[in-house]
Amino acid sequence: MAQITLIEAVTQALAYEMAHDESVVVLGEDVGVNGGVFRATQGLQEKFGELRVLDTPLDETTIAGVTVGLAAQGMKPVAEAQFEGFIYPMMEQIACHAARLRNRTRGRITVPAVWRAPWGGGIRAPEHHSEANEHLFTNIPGLRVVMPSSPARAYGLLLAAIRDPDPVMFFEPKRIYRQYKEEVPDDGEALPLDVCFVLRDGTDVTIVTWGAQVKEALEAADALAEEGISAEVIDVATLTPLDFDTIAESVQKTGRCVIVHEAPKTAGFGAEIAARIAEECLYELLAPVERVTGFDTHIPLFRLEMKYLPSTERVVEAAKRTLANS
C-alpha cells in the first residue's frame with residue numbers, strides 16, 4: 001500500500017465519493033483545469049467531467065450561494081475556498097441559509113454541503129492566505145466544523161463530511177499538506193464525526209489540540225516523556241459538535257490541561273473548552289488550565305510567522321507550569 005500525503009488523501013477521498021455517488025459535485029475557483037491552488041482536485045475534472053467538477057468565477061459569495069442551492073435540491077456539493085481567509089464573503093450564505101434551512105423548514109430541506117478551505121499559517125504566505133479563524137464558525141448553530149490532522153484522518157473525515165446530511169466546514173491545515181506521508185487504504189471507510197481521537201495515553205497532563213498543532217503537541221509529549229512527565233494528547237478533530245466527554249475523562253485522570261491552537265487567544269475555541277473544563281471538571285483540576293495560542297494580532301509576514309505559531313517549546317513550558325502549580 002502506497003503512502004500518501006494529507007493533500008493526496010483529500011484528492012483520494014473526493015475521487016472515491018464521486019465514483020460511488022453521482023450526486024457529489026466539486027466546485028470552486030480553478031478546481032477543474034488547474035486542479036486547485038494546492039492541487040487537491042487534480043485529475044478530477046478529467047475523470048468525472050466538467051459538469052461534476054466546475055470551475056467558477058472569482059466570486060466567493062456566488063460559490064457559497066450556488067452550493068446552498070445545489071444541496072437544497074438533492075445534490076452533495078463540495079465547494080472550495082482557495083484559502084480560509086477568502087471565506088468571509090461566503091459567511092452570509094453559510095450562516096443565514098446553509099446552517100438554518102433544516103430548522104427553518106422543520107426538516108423538510110437539508111443542506112448536505114461541504115466547504116473545504118486550506119487553513120492556517122506556516123507556508124510563508126501573506127495575510128488572508130494564512131488565517132486560522134475556525135472559531136468564527138463554531139458559534140453558528142447547524143454547522144459542523146471539522147479539521148483533520150493527518151492523511152488518514154483527512155481521508156476518513158472528508159468521506160464522513162460529504163455523507164453528512166447537514167453542512168460541514170472542513171478546514172485543511174495547509175502547513176502539513178505535504179509534510180509527511182502515511183498509509184491510507186482507499187476503501188471508502190469513513191471516520192466518525194463528533195469524536196475526539198486520543199493519540200497518546202498519559203497520566204500527568206492532558207494536551208488538547210487540533211489541526212496542524214497536533215504535530216507540536218506530539219513532539220511536546222515526547223520531550224516531556226524524556227523528563228518523566230506523561231502527557232495525554234487529544235486531537236479534537238470535530239470542533240462542533242464537541243466531544244467533551246473524551247476531554248473531561250482525560251482531565252479527570254490527569255488533573256491538568258494545556259489547550260493548543262493557532263487562532264488568536266481571545267475568544268478562540270480553546271476558551272470554550274477551558275470554560276467547559278471549569279464548569280464540569282473544576283474539582284478534578286490540580287492546576288489552572290493553560291492555553292498556548294496565536295496572538296491577538298494579524299498573522300505576521302514570513303520572517304516572524306513561526307514566532308506567531310504555537311511551538312513545541314511553548315507547549316512544553318505550559319505543561320511544566322501546570323505541574324509546578326499543583
Side-chain angles (χ1 to χ4, degrees), residues 13-14 16-18 20-28 51-52 54 56 59-81 84 86-117 119 133-148 156-172 188-196 210 236-248 267 269 271-273 275-276 279-280:
L14 290 170
Y16 183 94
E17 208 62 8
M18 293 184 77
H20 291 82
D21 187 343
E22 292 185 356
S23 67
V24 178
V25 296
V26 171
L27 67 154
L51 294 180
R52 295 189 64 198
L54 304 125
T56 67
D59 183 352
E60 283 80 11
T61 302
T62 297
I63 294 170
V66 168
T67 300
V68 174
L70 287 168
Q73 296 303 312
M75 303 297 287
K76 295 180 182 177
V78 182
E80 180 183 291
E84 200 267 354
F86 295 176
I87 212 165
Y88 302 113
M90 295 181 166
M91 290 186 71
E92 193 274 335
Q93 294 286 349
I94 293 170
C96 295
H97 301 292
R100 295 173 182 266
L101 268 177
R102 176 186 283 278
N103 182 68
R104 184 181 294 154
T105 65
R106 298 301 184 263
R108 185 173 60 85
I109 297 175
T110 60
V111 182
V114 177
W115 280 270
R116 295 180 41 253
W119 167 98
N133 286 329
E134 66 277 9
H135 53 291
L136 298 179
F137 295 91
T138 60
N139 195 238
I140 300 175
L143 284 183
R144 274 186 167 82
V145 179
V146 178
M147 192 180 304
L157 291 172
L158 183 53
L159 289 177
I162 296 171
R163 296 169 188 173
D164 193 271
D166 293 302
V168 178
M169 308 304 300
F170 195 84
F171 294 118
E172 300 163 6
E189 289 292 323
L191 288 172
L193 298 173
D194 312 342
V195 170
C196 292
W210 51 91
V236 174
T238 301
L239 280 71
T240 51
L242 176 65
D243 171 21
F244 185 72
D245 288 347
T246 295
I247 296 172
F269 192 66
E272 169 63 21
I273 297 175
R276 290 283 300 274
E279 289 171 353
E280 302 181 37

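One-based numbering along the sequence shown.
Nearest heavy-atom pair across Leu27 and Leu70 is CD2-CD1, 4.5 Å. In terms of heavy atoms, Thr67 sits closest to Ala113 at CG2-CB, 3.7 Å. Of all the heavy atoms in Pro112 and Ala71, the pair that sits closest is CD-O, 3.4 Å. Summarising the geometry of Gln93 relative to Ala64, their closest heavy-atom pair is CB-CB, 3.7 Å, with the distance given to 0.1 Å. Of all the heavy atoms in Glu84 and Ala117, the pair that sits closest is CA-CB, 4.0 Å. Across every non-hydrogen atom of Ile140 and Ala95, the tightest pair is CD1-CB, 3.8 Å.
The only option from Leu193, Val168, Ile162 that meets the side-chain contact (heavy atoms from CB on, under 4.5 Å) definition with Leu157 turns out to be Leu193. Considering Thr240, Asp164, Thr138 in turn, Asp164 is the only one that fulfils the side-chain contact (heavy atoms from CB on, under 4.5 Å) rule with Arg144.
Put simply, CH2 on Trp119 and CE on Met147 are 4.5 Å apart, with the number rounded to the nearest 0.5 Å. Here Glu60 contributes atom CD and Tyr88 contributes atom OH; the two are 12.5 Å apart, rounded to the nearest 0.5 Å. The CH2 atom of Trp115 sits 14.0 Å away from atom CD of Glu80, with the distance rounded to the nearest 0.5 Å. Annotation: the span from Ile273 atom CD1 to Ile247 atom CD1 amounts to 4.5 Å, rounded to 0.5 Å. Atom CZ of residue Arg163 and atom NE2 of residue His20 lie 9.0 Å apart, to the nearest 0.5 angstrom. In this structure, the separation between CD on Glu134 and CE on Met169 is 11.5 Å, given to the nearest 0.5 Å.
Contact annotation: the side chain of Phe137 approaches that of Ile87 to within less than 4.5 Å [non-hydrogen atoms, C-beta and beyond].
No donor-acceptor distance shorter than 3.5 angstrom exists from the side chain of Arg276 to the backbone of Phe244, with no hydrogens or angles considered. Between the side chain of Arg106 and the backbone N or O of Asn103, at least one donor-acceptor pair lies under 3.5 Å. Arg102 places no side-chain N or O within 3.5 Å of a backbone atom of Val111 that could act as its donor or acceptor partner.
Dense packing is recorded around CD of Glu92, with more than 12 heavy atoms of other residues, nucleotides or ligands lying under 6.0 Å away. Residue Asp59 places its CG atom among more than 12 non-hydrogen atoms of other residues, nucleotides or ligands, all under 6.0 Å distant. The number of heavy atoms from other shown groups lying within 6.0 Å of CD (Gln73) does not exceed 12.
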>> Working note: Val24 + Val78, criterion side-chain contact (heavy atoms from CB on, under 4.5 Å); need CA distance, chi angles, decisive distance, verdict.
In response: CA-CA 7 Å; Val24 178; Val78 182; 4.3 Å; yes
> Where do Asp243 and Asp194 land on the side-chain contact (heavy atoms from CB on, under 4.5 Å) test, with the steps shown first?
Replying inline: CA-CA 6 Å; Asp243 171 21; Asp194 312 342; 5.8 Å; no
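Note: Trp210 and Phe269 have perpendicular aromatic rings, judged against thresholds of 30 and 60 degrees for the angle between ring planes.
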